Protein chains: 4
Amino acid sequence: MTSLAQRSIDASATAEREQLAARYRAVRAETERRAAPLSAEDQQVQSMADASPTKWHRAHVTWFFEAFILKPLLPGYREFDPRFALLFNSYYVSAGPRAERAKRGLVTRPSCAEVGVYRAHVDAAMARLIAEAPEAGFGEIARLVEIGLNHEQQHQELMLTDILHAFSENPAEPVYDPDWRMPAPRGGADGAAALPQGTYRIGHDFAADASFAYDNEGPAHQVLIPAQRLARGLVTNGDWLAFMAAGGYDDALLWLSDGFAFAQASGWRAPLYWRQADGAWQAFGLAGLKPVDPDAPVCHVSYYEADAFARFAGRTLPTEAAWEAAAGQGLIEEAFGRVWQWTQSAYLPYPGYRPAPGALGEYNGKFMVNQMVLRGSSWATPEGHARLTYRNFFYPHQRWQVTGVRLADGA
Amino acid sequence: MTSLAQRSIDASATAEREQLAARYRAVRAETERRAAPLSAEDQQVQSMADASPTKWHRAHVTWFFEAFILKPLLPGYREFDPRFALLFNSYYVSAGPRAERAKRGLVTRPSCAEVGVYRAHVDAAMARLIAEAPEAGFGEIARLVEIGLNHEQQHQELMLTDILHAFSENPAEPVYDPDWRMPAPRGGADGAAALPQGTYRIGHDFAADASFAYDNEGPAHQVLIPAQRLARGLVTNGDWLAFMAAGGYDDALLWLSDGFAFAQASGWRAPLYWRQADGAWQAFGLAGLKPVDPDAPVCHVSYYEADAFARFAGRTLPTEAAWEAAAGQGLIEEAFGRVWQWTQSAYLPYPGYRPAPGALGEYNGKFMVNQMVLRGSSWATPEGHARLTYRNFFYPHQRWQVTGVRLADGA
Amino acid sequence: MTSLAQRSIDASATAEREQLAARYRAVRAETERRAAPLSAEDQQVQSMADASPTKWHRAHVTWFFEAFILKPLLPGYREFDPRFALLFNSYYVSAGPRAERAKRGLVTRPSCAEVGVYRAHVDAAMARLIAEAPEAGFGEIARLVEIGLNHEQQHQELMLTDILHAFSENPAEPVYDPDWRMPAPRGGADGAAALPQGTYRIGHDFAADASFAYDNEGPAHQVLIPAQRLARGLVTNGDWLAFMAAGGYDDALLWLSDGFAFAQASGWRAPLYWRQADGAWQAFGLAGLKPVDPDAPVCHVSYYEADAFARFAGRTLPTEAAWEAAAGQGLIEEAFGRVWQWTQSAYLPYPGYRPAPGALGEYNGKFMVNQMVLRGSSWATPEGHARLTYRNFFYPHQRWQVTGVRLADGA
Amino acid sequence: MTSLAQRSIDASATAEREQLAARYRAVRAETERRAAPLSAEDQQVQSMADASPTKWHRAHVTWFFEAFILKPLLPGYREFDPRFALLFNSYYVSAGPRAERAKRGLVTRPSCAEVGVYRAHVDAAMARLIAEAPEAGFGEIARLVEIGLNHEQQHQELMLTDILHAFSENPAEPVYDPDWRMPAPRGGADGAAALPQGTYRIGHDFAADASFAYDNEGPAHQVLIPAQRLARGLVTNGDWLAFMAAGGYDDALLWLSDGFAFAQASGWRAPLYWRQADGAWQAFGLAGLKPVDPDAPVCHVSYYEADAFARFAGRTLPTEAAWEAAAGQGLIEEAFGRVWQWTQSAYLPYPGYRPAPGALGEYNGKFMVNQMVLRGSSWATPEGHARLTYRNFFYPHQRWQVTGVRLADGA
């Protein structure tokens with residue numbers, strides 16, 4: 001006979017499971033929602049090695065659940081197709097061989113529709129696992145599911161940036177969503193906020209905080225930050241047009257040496273996706289080609305350009321620590337939901353960082369060289385995925401992400 | 001009132017138009033037949049710059065009729081979509097700007113289905129033009145239609161070689177047609193045939209012969225050919241395995257200098273699509289991965305390899321003139337329908353060659369450098385497209401076409 | 001009439017000038033001493049874009065004095081050859097156009113001997129300037145001379161690393177100095193030293209310390225360093241042989257992702273200059289090809305390799321702050337004079353860093369991206385050029401510098 | 001006792017040996033004469049992979065005598081330095097391993113002076129061999145010496161074209177010979193000469209003609225040449241300026257497809273070495289930078305440009321057979337001694353061509369793909385090296401040789 005206390009525990013456990021199952025369904029549905037406007041052909045293409053096809057994203061995030069949760073943890077799970085590991089493993093060396101990254105766009109089979117079936121197969125098994133797994137191991141399962149969902153959310157952002165890049169290569173200028181707009185800011189954003197010198201605690205405290213964070217967001221640690229001022233708002237397209245008009249793209253003295261060489265070799269004259277027609281600048285976006293809005297935050301600029309702009313403006317970019325300290329105290333606006341913000345911090349391990357054991361330890365640590373940290377989030381970041389300690393990272397020449405600029409000085 | 005003679009002429013003209021319309025429908029249907037086993041995703045991909053997507057082939061050959069026949073010659077013709085010229089012009093500079101060749105695989109829109117509608121639209125207009133064009137200009141129309149159909153047939157061969165290449169890049173090894181087989185030879189093919197020294201007439205005589213030929217097949221002209229012997233049959237996979245076993249791929253002295261450098265840099269150890277598994281060689285083809293058949297003609301070898309093999313065998317490759325003279329006299333077998341045969345002739349204009357006027361003059365002439373001539377035809381060549389004077393041409397390093405080897409000596 | 005006090009001041013000023021002149025002569029002579037074993041042909045070659053010819057180094061450092069000191073500050077100075085600015089400006093955009101970096105080896109004229117005459121011409125003018133410049137501006141002159149001498153010392157190290165690379169490309173294995181040896185360590189170097197957590201002051205304090213430092217070594221600032229242990233000695237060739245024997249170069253899980261890709265594409269199996277002969281490893285150095293000494297510090301390894309080795313050893317690399325704090329307290333050995341030590345710190349500006357005004361502001365700041373910091377100094381560093389705050393920096397894939405490894409843990 | 005007849009034979013044989021020795025000395029001296037204006041630094045550089053250092057040319061032609069004559073045929077010959085085979089073998093696979101072609105400029109040791117000693121060592125041995133070899137094998141020795149001398153003459157031309165390229169990369173614009181001028185033409189050269197259709201015999205008849213020719217010049221054979229007209233003179237700089245003024249470099253329809261792509265990617269706007277200053281065109285040559293002479297033959301143009309120019313002029317380039325037939329009958333002028341003339345013939349074996357046995361068989365045959373034939377000779381061709389049947393060959397994009405244009409029509 002079950003005691004009342006036991007029933008209460010059971011009820012709580014059941015509620016927790018239902019909550020996880022609901023969250024699982026919601027995140028998975030968002031992926032499909034983002035893919036919905038895209039045809040089978042749209043979902044097939046890979047427009048450059050940095051990007052991946054929509055279909056691949058949809059399958060890869062599904063393989064993640066299959067490989068790291070279902071196969072090891074759901075007794076009797078039937079693998080959907082043993083060839084998928086080869087096709088949809090991204091970079092997990094520990095999880096076996098992978099197809100060549102730059103050739104993801106060549107995998108025409110399975111089809112879009114078959115990937116849909118694959119997703120349903122895994123979703124059903126995940127629902128069963130979440131509902132029926134023995135209580136003993138459920139904590140670990142919940143932890144892995146949370147990683148898988150965050151992983152899928154990361155790919156949701158890439159789905160949009162990747163298809164935008166692919167569409168930008170089509171002379172017929174396809175439209176993903178005619179109603180797409182850059183979200184309006186939450187408030188005015190003039191002037192700068194002062195961050196006083198001091199020792200701040202940054203990063204995610206895994207011991208004290210059970211909410212999800214990637215391993216690279218910790219350990220939480222003290223860092224001594226010198227006094228500085230951070231712009232309350234973002235650099236706008238209008239600001240950028242002034243930089244361009246002043247010859248910013250041609251003035252070597254404004255640029256890092258690598259940056260100027262790359263910009264010249266690439267023929268950069270404006271942010272990615274900007275095109276000049278009849279003397280006016282337009283920007284290609286999810287809604288197609290639209291006039292550049294001078295009040296919107298500048299977007300699709302590389303670290304090299306962001307750094308040159310800061311020098312042009314007599315300023316710097318914030319460090320990631322200053323950004324986190326300032327944002328944590330509510331000193332800055334537009335931190336989330338518009339464009340990611342380049343920092344002047346290289347993507348390196350925090351003191352005491354240790355990658356997670358096993359294949360998931362490859363998630364972040366092995367990329368800690370040659371890249372720069374971005375903070376905040378963008379309009380493409382799915383609801384619930386942004387947080388104060390999030391460390392996004394890209395190479396300093398990359399521009400296809402939703403990358404913008406916040407200025408600082410003193411750092 | 002129409003005289004009997006006039007009626008007879010009319011009847012003959014009508015029959016000619018019906019014949020042309022029937023031929024048009026047949027060729028166009030063959031294109032769709034070849035595309036039929038392919039999904040929208042399959043038809044989207046471009047696996048390398050040399051290849052094109054199936055969908056692009058289907059649209060490009062249709063644009064050819066629209067741009068060179070319907071728009072100039074069918075009064076009131078409504079262009080299907082003005083953006084298609086940009087998307088589906090291959091290399092006709094005179095016909096306006098073109099999308100970048102290497103990015104054909106990124107054109108996800110129009111979709112496969114829309115390209116089907118485009119084809120139907122053009123087919124309907126072509127049917128009308130063939131049926132209703134005034135008799136005065138009909139001869140010129142028929143001539144252009146014939147070019148368009150030959151052009152489409154050329155792309156039909158490429159559709160198969162290109163999708164084979166794309167499938168070969170998919171680790172899941174898709175199958176185009178499980179029943180595909182290399183056609184059996186028409187007869188025994190041992191030994192060599194002697195071609196006596198003499199002056200031979202080669203090439204297509206446009207003045208005397210009304211049947212279709214490309215401009216590069218003429219003018220017909222005399223050529224002095226020294227005595228030589230041509231192998232009656234083709235080099236087989238078994239012969240090639242002997243070359244490999246003898247270290248042919250590593251022996252610089254067998255190779256042209258450019259060829260050896262290319263082969264080494266590319267890591268060539270066998271024909272394209274051959275893979276070694278458990279000590280045995282398999283070849284990837286339209287039917288998937290199959291054991292190499294030692295009796296079948298070797299295929300998917302470059303000119304460099306063909307030339308090295310000939311040196312290994314103490315032989316040469318035939319010149320294109322000798323090939324045409326010998327084939328014209330029925331001295332050799334397997335000339336058509338199995339694999340194209342590399343010749344030792346560079347692709348150059350025949351004496352007195354002048355490109356056709358206008359955009360169609362770009363069809364052949366501007367490629368007359370750096371390439372080698374192949375003669376005959378292959379299993380992928382559509383029915384009715386092969387002929388004695390046909391000059392196929394590819395770069396000496398290319399292997400994705402259905403390219404094989406016939407030996408000679410004395411040339 | 002000169003007062004006694006005035007005479008005393010004069011005497012002191014004269015002594016200061018003589019001291020500077022002597023230091024100038026000593027540094028300049030060291031350059032020639034390093035070039036002396038090299039023929040005109042040896043001094044001509046540039047073996048890769050990263051390296052420069054000896055002759056170019058000798059001329060470039062001379063141009064530095066001419067362009068930044070003599071032309072602006074010595075009245076009546078006669079420029080040696082106006083074309084030399086084009087030939088021997090390295091990367092100072094503000095100082096006018098420059099010949100292409102990768103083509104320095106093509107500048108056969110002026111000859112080696114003419115560069116010697118150029119050096120003498122500039123040395124004579126510099127001697128006159130140091131002796132005769134009005135007292136008012138002498139402080140600034142002394143400051144610039146000091147920069148010029150440090151600049152020349154930096155090139156002295158490059159002269160050796162660059163000629164070693166050039167000689168390594170010559171199948172005849174030329175010898176620069178048959179007596180060259182890696183300097184013996186100053187002491188035993190087992191075990192690790194503990195650096196307690198705390199706030200440390202690092203960097204050069206320009207306000208308080210008149211000795212020379214580059215702009216990138218400041219401002220001095222507080223930094224919070226977590227507790228950690230630094231190896232007292234350097235990783236040896238013997239340690240590296242163990243890493244190789246354990247398959248370190250093939251184990252992707254030990255490597256940064258970029259590092260493994262680069263190492264595989266480059267075919268790395270051992271440090272640069274190591275060659276295997278008859279089963280034993282030899283290293284090419286200034287004394288020619290010699291057996292690898294297992295007790296000597298490993299050298300000519302990239303950051304990627306250093307990082308992989310640290311992971312193999314279950315350790316990390318030190319941060320530059322921890323290195324400086326530990327070295328400043330004498331906790332570690334072999335800090336200077338053997339091999340530079342990679343740190344896990346990206347080369348970024350210190351808080352509050354501002355480049356020097358004018359062309360010399362291009363010296364350091366514009367390289368602050370994509371590179372990693374090395375600390376200490378090497379056997380190739382000239383006497384008197386090493387210091388605690390020195391920040392050397394190279395790309396993580398580069399190996400031709402005298403780069404080695406010190407381990408840490410806890411960072 | 002020697003009979004009179006015997007003495008007469010001896011005298012004749014001695015005269016033949018003296019003649020060969022004198023010729024040997026003359027050719028060898030010409031090499032040194034061409035190197036004389038060049039410093040040790042000048043002789044060291046390799047400005048691109050296609051070119052070689054002067055020092056390397058001087059050593060390589062010497063190694064040719066050592067490897068193919070002295071070592072096999074002079075008893076007791078002491079090899080000068082066994083490492084030289086590795087350094088100075090160009091591409092003779094049969095003669096053992098070779099240093100990498102693109103790194104010839106890195107071989108700073110042996111020095112220029114040591115190469116001079118090497119040359120003297122080999123010259124002394126060659127003198128001894130020519131004087132003292134037993135009569136029985138002398139014919140073969142004389143044949144090999146003749147090959148070696150022709151080989152050295154070929155390199156004499158390259159010495160000038162290679163150093164011109166190297167000097168063109170030096171912003172200081174070094175001068176090789178201030179008095180260098182394009183030789184004046186031997187006669188007027190207007191109009192065109194008619195070559196009647198017919199069967200002509202071309203190539204070198206090794207059986208009937210004892211004078212030297214390379215293996216690729218034979219066998220002599222009949223070829224049927226259609227009637228055509230060849231320009232009596234060469235295309236001039238003035239003609240070329242008209243082509244440029246008419247937008248020739250931008251008109252895709254004038255060009256071969258590969259040619260236009262290459263020209264655009266390379267930014268070609270004029271012949272190699274032409275530079276525009278103050279609106280006027282100058283050409284860099286052995287005398288330095290000089291105004292372009294409109295009456296001089298155009299030079300340093302690629303096959304692609306030559307072909308485009310011919311199309312612009314409504315003409316063609318001659319075939320090599322037509323060129324040889326016309327030149328053999330004295331129908332054309334300026335055939336020799338000014339600029340090589342591109343033909344529209346690909347470099348392929350003549351019917352019945354068989355490479356010489358042994359390493360010398362690698363001399364020509366293995367390059368018979370991807371290159372185009374040039375006929376005639378240039379101002380850089382050494383005296384006595386030009387002949388009617390000479391087949392020079394280069395890739396269609398190459399421009400650093402002394403390559404010009406003669407037009408034809410009808411071919």
Side-chain angles (χ1 to χ4, degrees), chain C residues 35 37-49 51 53-56 58-59 80-89 96-116 118 162-176 288-289, chain D residues 35 37-49 51 53-56 58-59 80-89 96-116 118 162-176 288-289:
Chain C
L38 301 173
S39 69
E41 292 95 330
D42 293 336
Q43 297 197 31
Q44 179 61 42
V45 293
Q46 178 176 34
S47 54
M48 60 171 170
T54 305
K55 183 177 78 178
W56 186 91
R58 291 172 61 219
F80 185 76
D81 188 322
R83 296 170 305 180
F84 281 19
L86 187 59
L87 298 177
F88 299 124
N89 178 359
R98 289 121 287 133
E100 199 177 322
R101 180 186 173 95
K103 294 187 172 176
R104 288 176 183 165
L106 302 184
V107 178
T108 59
R109 301 181 184 188
S111 68
C112 237
E114 284 163 328
V115 165
Y118 178 40
D162 291 358
I163 199 66
L164 176 58
H165 188 270
F167 279 4
S168 80
E169 295 282 6
N170 186 335
E173 296 166 6
V175 170
Y176 172 88
L289 207 54
Chain D
L38 300 173
S39 68
E41 290 95 330
D42 293 336
Q43 297 195 31
Q44 179 61 42
V45 293
Q46 179 177 33
S47 53
M48 59 171 173
T54 305
K55 183 176 79 179
W56 185 91
R58 291 171 59 220
F80 185 75
D81 188 323
R83 295 171 306 179
F84 282 18
L86 186 59
L87 298 177
F88 300 124
N89 177 359
R98 289 122 288 132
E100 200 177 322
R101 179 186 172 94
K103 295 188 172 175
R104 288 176 184 166
L106 302 183
V107 178
T108 59
R109 302 182 184 187
S111 68
C112 237
E114 284 164 329
V115 165
Y118 178 40
D162 290 358
I163 198 67
L164 176 57
H165 189 268
F167 279 4
S168 81
E169 294 282 6
N170 186 337
E173 295 164 8
V175 169
Y176 172 87
L289 207 54

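Bear in mind that the values here come from a model prediction, so they are computed numbers and not experimental data. Both backbone and side-chain heavy atoms feed into the values below; hydrogens, waters and symmetry mates do not.
Residue D:Leu87 touches chain C through its side chain alone, counting heavy-atom pairs closer than 4.5 Å. Heavy atoms of D:Gln46 lying under 4.5 Å from chain C belong exclusively to its backbone. For D:Arg83, the part sitting under 4.5 Å from any heavy atom of chain C is the side chain, from C-beta outward, and nothing else.
The backbone N or O of C:Arg109 lies less than 3.5 Å from a partner atom in the side chain of D:Asn170, making a donor-acceptor pair.
Of the inter-residue distances, the one linking C:Thr108 atom OG1 with D:Phe167 atom CZ reads 4.5 Å to the nearest 0.5 angstrom. We find the CZ-CD distance between C:Arg104 and D:Glu169 to be 15.0 Å, quoted to the nearest 0.5 Å. For the atom pair CD (D:Glu41) and NZ (C:Lys55), the distance works out to 5.0 Å, reported to the nearest 0.5 Å.
Contact tally against chain C (heavy-atom pairs below 4.5 Å) for D:Ala172, D:Gly105, D:Pro53, D:Pro110: the top residue is D:Ala172. Interface check for chain C: of the options D:Ala99, D:Ser47, D:Ser39, D:Ala166, the most heavy-atom pairs under 4.5 Å are formed by D:Ser47.
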